[in-house]
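Here the structure comes first, spelled out in structure tokens, and everything after it is commentary.
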Amino acid sequence: METFDRKNFWEHIYQTKQLEEVSWYQPSPRISLDVMQQHAIPTSAHIIDVGGGNSLLVDHLLMLGYQHITVLDISEEALRRAQQRLGTDAKKVTWLQADAATFEPTQAYDFWHDRAAFHFLTDQKEIEHYLKAVHQSLTPYGIFLVATFSQQGPKKCSGIPIQQYSEKSITERFQCYFEKIACQTHDHPTPFNTLQNFIFCTFRKKQL
Ligand SMILES: C[S@@+](CC[C@H](N)C(=O)[O-])C[C@H]1O[C@@H](n2cnc3c(N)ncnc32)[C@H](O)[C@@H]1O
């Protein structure tokens, strides 16, 4: 049986599709920016966008004056495209090509952002590794914002199965390491005139 090569899969997507041709495209990451504002994340905060791909979040953060941004993705092509778009501003960002399932952070973060990457992890060992990594690298009052497909959302993304979450199931899965602050659902309008129901949840690190 052929094993699924996660990296090749995502490289192929970014090599063959333009920014606005993917279902997850959003011109403005409104909810993520609103959550950052609600929590008064200062421009000096260390921020990581895991599975950030070619998303415009980094552009918005730079415009707002954030100084310590890291974008991590499994796809080199996604990062290359984001860098190309940003031009000289790309130098202000740390770019990491890594698999979130095995990523070992080497620095502390005040704000950990993940929209539609975590839900691709379906293996319990990989989920556990990811949650431990977030917990270990978040600063004591750090915020973890994660957005996944909800139980009313799609069961697959780009043809591969994802793990859907509800407020209850994500709170229970994360409870060893994090306390829930709030969750909200959101119908994301795709460029193909369909809606995808997401759940955005914010968590605070538990002091273990
Ligand atoms: C659905 S897209 C979302 C992109 C971006 N977060 C956004 O909101 O526009 C999923 C992204 O996660 C990345 N990804 C998927 N699995 C990953 C993994 N195990 N580690 C790191 N990145 C991953 C993909 O390359 C892709 O850029």
Side-chain angles (χ1 to χ4, degrees), residues 3-36 47-61 69-86 93-105 109 111-134 137 144-150 153-165 186-192 194 196-201:
T3 53
F4 174 64
D5 185 331
R6 209 179 253 164
K7 180 169 187 299
N8 270 352
F9 176 85
W10 288 104
E11 294 297 6
H12 180 72
I13 292 209
Y14 283 107
Q15 280 157 7
T16 53
K17 303 229 188 257
Q18 295 305 311
L19 180 64
E20 299 93 345
E21 290 176 344
V22 291
S23 59
W24 55 90
Y25 170 69
Q26 50 172 5
S28 173
R30 200 63 267 154
I31 297 185
S32 305
L33 296 173
D34 286 350
V35 167
M36 292 181 72
I47 295 170
I48 185 164
D49 186 17
V50 170
N54 191 13
S55 127
L56 299 180
L57 178 65
V58 61
D59 307 49
H60 285 260
L61 295 178
I69 310 164
T70 298
V71 178
L72 177 148
D73 205 274
I74 199 163
S75 161
E76 279 160 74
E77 179 63 11
L79 299 178
R80 196 191 62 76
R81 286 195 179 203
Q83 288 163 11
Q84 199 174 39
R85 186 182 65 240
L86 287 167
V93 177
T94 303
W95 305 93
L96 291 179
Q97 187 282 317
D99 184 337
T102 51
F103 174 52
E104 304 273 1
Y109 296 102
F111 188 73
W112 185 296
H113 180 270
D114 182 321
R115 173 178 178 265
F118 172 72
H119 67 187
F120 288 104
L121 300 184
T122 54
D123 176 286
Q124 289 306 317
K125 282 201 194 107
E126 292 187 340
I127 292 175
E128 188 63 21
H129 178 97
Y130 183 107
L131 296 180
K132 263 191 195 160
V134 183
S137 71
F144 176 21
L145 171 58
V146 60
T148 72
F149 284 162
S150 80
K155 291 185 166 46
K156 288 186 173 183
C157 179
S158 300
I160 48 175
I162 57 88
Q163 177 66 55
Q164 296 178 323
Y165 289 94
H186 168 69
D187 272 329
H188 162 64
T190 71
F192 323 120
T194 57
Q196 293 179 330
N197 195 250
F198 274 78
I199 182 160
F200 282 73
C201 289

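Start at 1 and go down the list; that is how both ligands and their atoms are numbered. Because the structure is a prediction, the values reported are computed rather than measured.
- Of the listed residues (P29, G51, S32, S23), the one carrying the non-hydrogen atom nearest atom 4 (C) of ligand 1 is G51.
- In the candidate list Y130, F118, F103, W24, W24 is nearest to atom 1 (C) of ligand 1, counting heavy atoms.
- Counting heavy atoms of neighbouring residues, nucleotides and ligands inside a 6.0 Å radius, atom NZ of K132 does not exceed 12 of them.
- Taking the side chain as every heavy atom from C-beta outward, V93 and L61 never approach each other to under 4.5 Å.
- The shortest heavy-atom contact between Q164 and K155 is NE2-CG, 3.7 Å.
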message = The test is side-chain hydrogen bond (donor to acceptor under 3.5 Å, both in side chains); show your working for D114 and Y130 and say whether it passes.
response = CA-CA 11 Å; D114 182 321; Y130 183 107; 2.5 Å; yes
message = As a quick check of understanding, evaluate salt bridge (Lys or Arg N to Asp or Glu O under 4.0 Å) for E76 and R80, giving each step before the final call.
response = CA-CA 6 Å; E76 279 160 74; R80 196 191 62 76; over 6 Å; no
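- For ligand 1, the polar-atom distance check against A100 finds a nitrogen or oxygen pair separated by under 3.5 Å.
- Taking only nitrogen or oxygen atoms, main chain and side chain alike, C157 does not reach within less than 3.5 Å of ligand 1.
- Close contacts between ligand 1 and R115 involve ligand atoms 3 (C), 5 (C), 6 (N), 7 (C), 8 (O), 9 (O) [criterion: under 4.0 Å to a heavy atom].
- When each atom of ligand 1 is checked for a heavy atom of A98 under 4.0 Å away, the hits are 20 (N), 21 (C).
- Taking both residues in full, the closest heavy atoms of S158 and F9 are given as O-CZ, 3.2 Å, listed atom of the first, atom of the second, then distance.
- Between Q26 and ligand 1, no N or O atom pair is found at a separation short of 3.5 Å.
- The A117 neighbourhood of ligand 1 comprises atoms 12 (O), with distances under 4.0 Å to a heavy atom of that residue.
- Among protein heavy atoms, atom 16 (N) of ligand 1 sits closest to W10 NE1, 3.7 Å.
- Counting heavy atoms only, D73 comes closest to atom 25 (O) of ligand 1 of the residues N54, L79, D73.
- For the side chain to side chain contact (heavy atoms under 4.5 Å, CB included) with L56, the lone residue among V58, N54, D59 that qualifies is D59.
- Between I31 and F198, the closest side-chain pair of non-hydrogen atoms is not below 4.5 Å.
- For ligand 1, the atoms sitting less than 4.0 Å from at least one non-hydrogen atom of G53 are 27 (O), numbered in the order shown with element in parentheses.
- Which parts of ligand 1 touch D99 is read off a 4.0 Å heavy-atom cut-off, strictly below it: atoms 18 (C), 19 (N), 20 (N).
- With a 4.0 Å cut-off on non-hydrogen atoms, Y14 touches ligand 1 through its side chain and not its backbone.
- In this structure, G52 has a heavy atom closer than 4.0 Å to ligand 1.
- At the shortest separation from atom 10 (C) of ligand 1 among protein heavy atoms lies A116 O, 3.2 Å.
- An N or O contact shorter than 3.5 Å is missing between D49 and ligand 1 by distance.
- Between L131 atom CG and E128 atom CD the span is 6.0 Å, to the nearest 0.5 Å.
- Of the listed residues (I162, L121, I74), the one carrying the non-hydrogen atom nearest atom 21 (C) of ligand 1 is I74.
- Within ligand 1, counting atoms from 1 as listed, the ones closer than 4.0 Å to a heavy atom of S55 are 5 (C), 7 (C), 9 (O).
- For the atom pair CZ of R30 and NE2 of H188, the computed distance is 15.5 Å after rounding to the nearest 0.5 Å.
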inquiry  = Does F200 form a side chain to side chain contact (heavy atoms under 4.5 Å, CB included) with R115? I'd like the steps, not just the answer.
reply    = CA-CA 8 Å; F200 282 73; R115 173 178 178 265; 4.2 Å; yes
